[in-house]
Structure formats: structure tokens, C-alpha cells
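Pasting a structure here, questions to come.
We're numbering straight along the sequence, starting at 1.
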Amino acid sequence: MAAEGDKDYAYGGRFTGTVLLEMLREAGREGEADVARVHSESGACTKWHSHPGGQVLVLVAGTGRAGDRDGDHRELPVGTYIVTPPDTAHWHGAEDGHEATWLAITYGTTDWTDESPVS
């Protein structure tokens, strides 16, 4: 049986389109990870952000896209595994014309910006 968590579509305007963030596990204390399922509708992605302890992303459904200050990665297939080092600005979401679902394992409170990735 799949775990279900609290779901939020708005999430404080941190996305460029419609995204459902489902918190599967909130960190109980410092050093533990938050685990979320992040479903992005066509072309939607996060705004630029970073995590003090880094983030691990696994694309579990659809076709994704992601980027960091070194460049964009497009048309990512299911099974793509991304490790973002601590304090590294990045973004992730769905490729234009596709939906994508990421499993996000995050260490520390996310530091969000208002900057949207270039589409």
C-alpha cells in the first residue's frame, strides 16, 4: 500500500504552475529528512531554491526536467536520480507537455527564492 500524506496545491507560490506536494514524512528532528511526493502538471516546476543539507530526487513517473546554475536538464526519464549538494541552488519539475512525479528527500529547511527558472 502506498503511503499517503498531507497534500497542498498552493505551497506558498513556490512553483511556476500547478503542483501537488504530498508530505509523506516530516523530519522529527535536526538531521533527519523530510520525504515528499511532488507531482508537477505540464511544464510546472519549482522556483530556484536550496537546502542546507542537500536533496535527493528520484523521478518516479512522467517526464521531468531539472536545473542548477551549471545548466538545464530536459526530458528526464523515469528512474532519474539526482543528488543536490548542500546549499546548491536548483529547480525541478515536469517537462513541457508532460506531467512528472518526483520523490524528494530533503535535509534542512528549504531556502526559497522568487526567481523562476527560464523555460
Open item on the list: Please find the pair of heavy atoms, one from Thr80 and one from Leu76, that lie closest to each other, and give the distance.
Closed with: OG1-CB, 3.7 Å

Task: Contact summary for Pro52 and Gly108, nearest pair of heavy atoms - done: CG-CA, 3.8 Å

- [ ] Name all residues meeting the side-chain contact (heavy atoms from CB on, under 4.5 Å) criterion together with Val60; count only those two or more places apart in sequence or in a different chain, and write none if there are none.
- [x] Val58, Thr101, Leu103

Task: Note, Arg65 side chain near Asp96 side chain (heavy atom, < 4.5 Å) - done: yes

Open item on the list: How long is the straight-line distance from CD of Glu22 back to CG of Leu20, given to the nearest 0.5 Å?
Closed with: 6.5 Å

TODO: Identify the heavy atoms of Gly64 and Ala100 that sit nearest to each other, and give their distance.
DONE: CA-CB, 4.0 Å

Task: Spatial distance of atom CZ (Phe15) from atom CH2 (Trp112) [nearest 0.5 Å] - done: 4.5 Å

TODO: Taking all non-hydrogen atoms of both residues into account, name the closest pair between Val78 and Gly62 and its distance.
DONE: CG2-O, 3.4 Å

Task: Straight-line distance of Trp102 CH2 to Thr46 OG1, nearest 0.5 Å - done: 10.0 Å

Open item on the list: Any non-hydrogen side-chain atom of Glu32 less than 4.5 Å from a side-chain atom of Arg25?
Closed with: yes

Task: Contacts of Ser50 that satisfy side-chain hydrogen bond (donor to acceptor under 3.5 Å, both in side chains) - sequence neighbours left out - done: none

Task: Those residues that, when tested against Glu99, pass side-chain contact (heavy atoms from CB on, under 4.5 Å) (two or more places apart) - done: His39, Glu41

Task: Residues which pass ring pair (Phe, Tyr, Trp, His ring centres under 6.0 Å) with His90, listed by chain and number, not counting sequence neighbours - done: His49, His51, His92

Task: Gap between atom NZ of Lys47 and atom OG1 of Thr16 - 0.5 Å precision - done: 8.0 Å

Task: Glu115: side-chain hydrogen bond (donor to acceptor under 3.5 Å, both in side chains) partners, not counting sequence neighbours - done: Arg69

TODO: Work out which heavy atom in Asp72 is nearest to a heavy atom in Trp91; give both atom names and the distance.
DONE: OD1-CZ2, 3.5 Å

TODO: Return the minimal non-hydrogen interatomic distance between Gly97 and Ser42, and the atom names on each side.
DONE: N-OG, 2.9 Å

Pairs of donor and acceptor atoms involving the side chains of residues 81-89, under 3.5 Å and at least two apart or interchain, shall be tabulated with distances.
{"residue": "Thr88", "atom": "OG1", "partner": "Pro85", "partner atom": "O", "Å": "3.2"}
{"residue": "Thr88", "atom": "OG1", "partner": "Pro86", "partner atom": "O", "Å": "3.4"}

Open item on the list: Once side-chain contact (heavy atoms from CB on, under 4.5 Å) is applied, do any residues pair with Ala104, and if so which ones, sequence neighbours excluded?
Closed with: Val38, Gln55, Leu57, Thr106

